[in-house]
K.L.:
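Structure in structure tokens, see below.
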Amino acid sequence: MWGACRWAVRGLRPLSTAARRTYAAGSQYQYILVEKRGERQNVGMIQLNRPKALNALCDGLMMELIQACESFDEDPGIGAIVITGSDKAFAAGADIKEMQSKSFQDCVNSNFLSNWGKVSEVKKPIIAAVNGFALGGGCELAMMCDIIYAGEKAQFGQPEILLATIPGGGGTQRLTKTVGKSLAMEMILTGERISAQEAKQAGLVSKIYPVEKLVEEAIQCGEKIAKNSGLIVSMAKEAVNGALELSLAEGNRLEKKLFHSTFATEDRKEGMSAFVAKRDANFKNQ
Ligand code: CO8
């Protein structure tokens with residue numbers, strides 16, 4: 001299962017025993033691979049690992065993903081998180097086989113899929129590195145992240161309509177706010193996919209890389225973020241996310257409060273002192 005060839009093909013290094021022990025401690029992950037990456041081991045990487053089902057998001061996978069995100073969020077040594085899948089699929093959606101027999105009552109009584117939104121509650125920045133299919137819940141999972149990098153062959157779509165259901169993980173909202181009503185409507189009402197290039201043009205992804213370079217580039221982006229004060233990074237993330245949730249006036253008020261709050265931190269003092277003294281800043285998340 002941990003064969004070096006498989007990792008070499010994808011350009012990923014196998015997990016060290018220590019990393020596996022750390023993150024699997026007490027709960028063997030079945031559906032994801034988890035590792036610390038980057039020169040300073042300050043980027044948490046989570047790889048969805050149900051290749052035969054194209055990383056369909058079954059309940060167990062989502063529970064593990066949320067658990068891994070939360071444990072990286074609590075880890076002071078981690079400054080950013082990367083979520084990726086395989087070359088063929090980031091994730092082909094919620095697990096249709098698992099959902100197939102559910103009734104309306106089942107969905108309401110269990111508040112079906114309500115816990116998936118926890119990914120968007122993580123304070124540290126999350127970068128989605130999307131190769132292959134990001135469909136349905138897979139596209140929604142990518143949009144719950146903060147930055148999306150795409151491989152050249154990535155495809156994004158909300159094909160739920162073809163199954164006679166609709167997106168349930170924020171797709172109708174986040175996609176519309178990101179790419180605008182016309183393209184979101186077209187994707188959600190026809191179920192047709194868009195390419196990485198179309199997704200970039202529409203503002204859904206920020207960068208496109210060759211398939212084999214994608215994950216490394218995402219990790220490098222994570223390292224750049226992790227160099228900054230984690231405390232201030234989480235404030236910046238909160239402020240930007242405010243733009244998707246609040247009116248302009250409310251968002252500007254939130255931004256101003258957070259901006260003023262940075263002046264109560266040691267890191268803000270350190271950042272400006274370091275600039276004036278022409279030296280590197282040494283942030284302590286204080
Ligand atoms: N669920 C379960 N199994 C899947 C899924 C899925 N979403 N997608 C693929 N698989 C399985 C297939 O059943 C197949 O398994 P098996 O070999 O046992 O038959 C295996 O993966 C390989 O799939 P294909 O043979 O179909 O591979 P192809 O390369 O021919 O096609 C596609 C790839 C185009 C991606 C195709 O598999 C497909 O259309 N998949 C379904 C895509 C879809 O409709 N996604 C939306 C699902 S509904 C949803 O996501 C609702 C979201 C709700 C909220 C989520 C909150 C975050």
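As the structure lists them, so they are numbered: ligands from 1, and atoms in each ligand from 1. Below, each value reflects all heavy atoms present in this structure, side chains not excepted, and no hydrogens, waters or symmetry copies. All values derive from a computational prediction rather than experimental measurement.
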K.L.:
Side-chain heavy atoms under 4.5 Å apart, restricted to Ile/Leu/Val/Met/Phe/Trp/Tyr: what other residues fall into the cluster of Phe104, or is it alone?
P.N.:
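In the cluster with Phe104 are Val108.
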K.L.:
Not counting sequence neighbours, list each pair that qualifies as a ring-ring contact (aromatic ring centres under 6.0 Å, His included) and has a residue in residues 136-172.
P.N.:
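Every ring-ring contact (aromatic ring centres under 6.0 Å, His included) pair that includes a residue of residues 136-172, provided the two are not neighbours, is Tyr149-Tyr209.
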K.L.:
Strictly below 4.0 Å, N to O, side chains only: are Glu216 and Arg37 in salt-bridge contact?
P.N.:
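Yes.
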K.L.:
Indicate yes or no: does Glu270 engage Arg279 in a salt bridge with an N to O separation below 4.0 Å.
P.N.:
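Here Glu270 pairs with Arg279 in a salt bridge, since their nearest N and O are under 4.0 Å apart.
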K.L.:
Hey, are the side chains of Leu231 and Phe283 touching, using non-hydrogen atoms and a 4.5 Å cut-off?
P.N.:
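A side-chain contact under 4.5 Å is absent here.
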K.L.:
Would you tabulate the side-chain donor-acceptor contacts of residues 159-169 under 3.5 Å, counting partners in other chains and residues two or more places apart, or write 'none'?
P.N.:
residue	atom	partner	partner atom	Å
Glu160	OE1	Gln158	NE2	3.2
Glu160	OE2	Gln158	NE2	3.1

K.L.:
Would you check ligand 1 and list the protein residues that come within less than 4.0 Å of it by any heavy atom, ordered by chain and number?
P.N.:
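Lining ligand 1: Lys52, Ala53, Leu54, Ala56, Lys88, Ala92, Gly93, Ala94, Asp95, Ile96, Lys97, Met99, Leu113, Trp116, Phe133, Leu135, Gly136, Gly137, Glu140, Met144, Pro159, Glu160, Leu163, Gly168, Gly169, Arg193.
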